[in-house]
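In what follows, chains are A, B, ... by sequence order, proteins preceding strands, each numbered from 1. Note that the structure is predicted; figures quoted are calculated from it, not measured.
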Amino acid sequence: MSEFRFAVNVLPKPGILDPQGRAVESSLAHLNVASVSRVRVGRRTELTVTAGSIAEARAVVDGLARELLSNPLIETYEIELLEGTSSAVSAEAPGR
Amino acid sequence: MRVGVVTFPGSNSDVDALNALAVAGVEPITLWHESPDLGAVSAVILPGGFAYGDYIRAGVIARFSPVMRGVTEFAAAGGLVLGICNGFQVLAESGLVPGALLRNRSLRFVCRIVAIKPERLDSPFTRAADGAPIHVPIAHGEGCYYADEVTLDELEREGQVLFRYVRDDGTAAIDPDEPANPNGSLRAIAGVCNAAGNVAGLMPHPERMSERVLGTDEGMQLIRSLVEGANEWETAGRPAPGTDGHVAAKARGRR
């Protein structure tokens with residue numbers, strides 16, 4: 001078994017009103033930034049999965065992303081592998 | 001008759017719901033979130049609050065709590081389930097009612113009295129209402145009802161829109177930016193039900209307007225509707241959805 005670290009990035013779907021993104025846009029004038037537009041605000045979750053293979057680990061993350069971390073009606077998600085790893089869990093200190 | 005009210009960690013309107021049920025003359029029962037056993041209840045209310053801190057998205061963590069297994073089975077068997085405010089968010093995240101509740105268009109937490117109007121009076125959730133606008137409080141940050149256009153059309157066609165926010169003259173506040181629409185909900189939708197008609201959610205709090213001493217008891221129209229509907233379902237021998245005598249079969253037939 002190995003540990004794999006992922007990030008799940010969730011964003012409001014295109015076309016869904018994103019009031020947080022709009023609020024950020026409206027603050028840009030106060031910063032004298034005129035070159036920035038189309039701001040979308042999302043949510044990032046990082047997590048570690050213990051699994052036999054990267055495919056297995058990714059399947060777990062995909063399930064979580066679909067069921068818990070995003071709502072497919074209103075959000076999209078992307079899964080990012082942060083560290084592919086070969087560190088055997090059995091060799092780690094207990095309680096990890 | 002017993003009606004259950006779920007208490008999640010973070011529920012804050014469960015006691016108001018229990019009180020409103022007592023006012024309606026039924027025995028209110030607290031259902032703890034860690035047990036999937038609903039006991040012998042004839043209907044269930046998912047109350048307002050901030051279940052599990054509303055982390056990630058309001059309602060989503062509550063969706064996976066043990067009590068929701070019992071609630072899902074109860075709903076599938078034809079039992080009446082009413083989600084109020086956070087309870088509506090839990091039902092939407094669970095897929096037990098259609099759509100999603102987005103952050104309020106204003107980005108503000110809104111806490112005030114609004115007017116809503118039942119779209120139909122033949123639903124088990126509105127049967128005791130008189131059809132006039134009902135003045136009830138809202139208190140939420142994520143109450144902007146959203147579904148895609150195809151779904152919205154289907155909800156309208158199937159009579160699944162139960163409540164809309166209305167202006168002083170009783171017409172629907174369909175502009176998401178007008179004051180009578182407190183959160184930007186599409187088509188001014190304040191409450192919907194599932195296709196079978198036995199699971200409903202709404203953002204406003206009828207249970208907080210249950211006695212005259214609280215300012216008005218207008219909210220009792222909806223609590224009494226639930227109690228009457230549950231009573232009829234029990235009297236008919238707990239018919240399953242789609243069968244004769246089930247609330248939804250009747251509701252669809254009238255439309």
Side-chain angles (χ1 to χ4, degrees), chain A residues 4-31 33 36-51 57-80 82, chain B residues 51-65 68-69 72 88-110 140-152 154-155 175-177 181-187 189 192 194 201:
Chain A
F4 303 93
R5 188 139 183 94
F6 292 91
V8 180
N9 299 311
V10 176
L11 274 176
K13 271 188 180 171
I16 299 263
L17 176 73
D18 172 20
Q20 289 190 91
R22 210 168 54 175
V24 171
E25 278 175 20
S26 67
S27 76
L28 295 174
H30 303 301
L31 297 164
V33 174
V36 172
S37 62
R38 292 159 64 196
V39 179
R40 307 291 277 173
V41 176
R43 187 172 51 245
R44 177 182 173 94
T45 306
E46 296 186 355
L47 44 83
T48 299
V49 184
T50 304
R58 194 177 273 276
V60 171
V61 178
D62 196 61
L64 274 182
R66 228 175 322 111
E67 290 287 309
L68 178 68
L69 301 175
S70 79
N71 179 340
L73 280 182
I74 52 175
E75 294 165 327
T76 59
Y77 65 85
E78 279 175 0
I79 296 171
E80 203 181 307
L82 299 180
Chain B
Y52 298 90
D54 273 1
Y55 293 121
I56 305 181
R57 288 180 310 283
V60 69
I61 298 180
R63 170 193 169 186
F64 297 104
S65 62
M68 287 306 294
R69 291 205 302 272
T72 303
F88 184 12
Q89 296 164 337
V90 174
L91 290 176
E93 280 290 344
S94 305
L96 290 173
V97 295
L101 284 315
L102 305 180
R103 181 73 64 97
N104 293 349
R105 211 170 153 89
S106 65
L107 273 180
R108 295 192 186 95
F109 188 97
V110 183
H140 61 247
E142 289 96 14
C144 174
Y145 186 79
Y146 171 83
D148 62 38
E149 288 293 312
V150 174
T151 305
L152 288 171
E154 187 185 319
L155 296 183
D175 178 350
D177 286 317
N181 184 334
N183 47 33
S185 288
L186 296 182
R187 303 195 192 181
I189 292 173
V192 296
N194 63 344

Closest approach of A/L69 to B/R57 (non-hydrogen atoms, all atoms of both residues):
O-NH1, 3.2 Å
Under the rule for salt bridge (charged side-chain N to carboxylate O under 4.0 Å, His left out), what residues qualify as partners of A/D62, not counting sequence neighbours?
A/R66
Approximate separation, where rounding is to 0.5 Å, of A/I16 CD1 and B/Y146 OH
3.5 Å
Taking atom OH of B/Y55 as the centre, report whether more than 12 heavy atoms of other residues, nucleotides or ligands fall under 6.0 Å from it.
no
Are B/I56 and A/L68 packed together at the side-chain level, in the sense that at least one heavy-atom pair is separated by less than 4.5 angstrom?
yes
Quick check for you: to the nearest 0.5 Å, what is the distance between B/L101 atom CG and A/L73 atom CG?
11.0 Å
Side chain, backbone, both or neither: which part of B/D148 has a heavy atom under 4.5 Å from chain A?
neither
For A/E78, does the CD atom sit with more than 12 other heavy atoms under 6.0 Å from it, leaving out its own atoms?
no
For the CZ atom on A/R44, are there more than 12 heavy atoms of other groups (residues, nucleotides or ligands in this structure) within a distance under 6.0 Å?
yes
Which atom names give the shortest non-hydrogen contact between A/P19 and B/L107, and what distance separates them?
O-CD1, 3.4 Å
Answer with side chain, backbone, both or neither: which region of A/E67 has an atom nearer than 4.5 Å to a non-hydrogen atom of chain B?
both
Chain B contact residues among residues 23-31 of chain A, heavy-atom distance under 4.5 Å:
A/A23
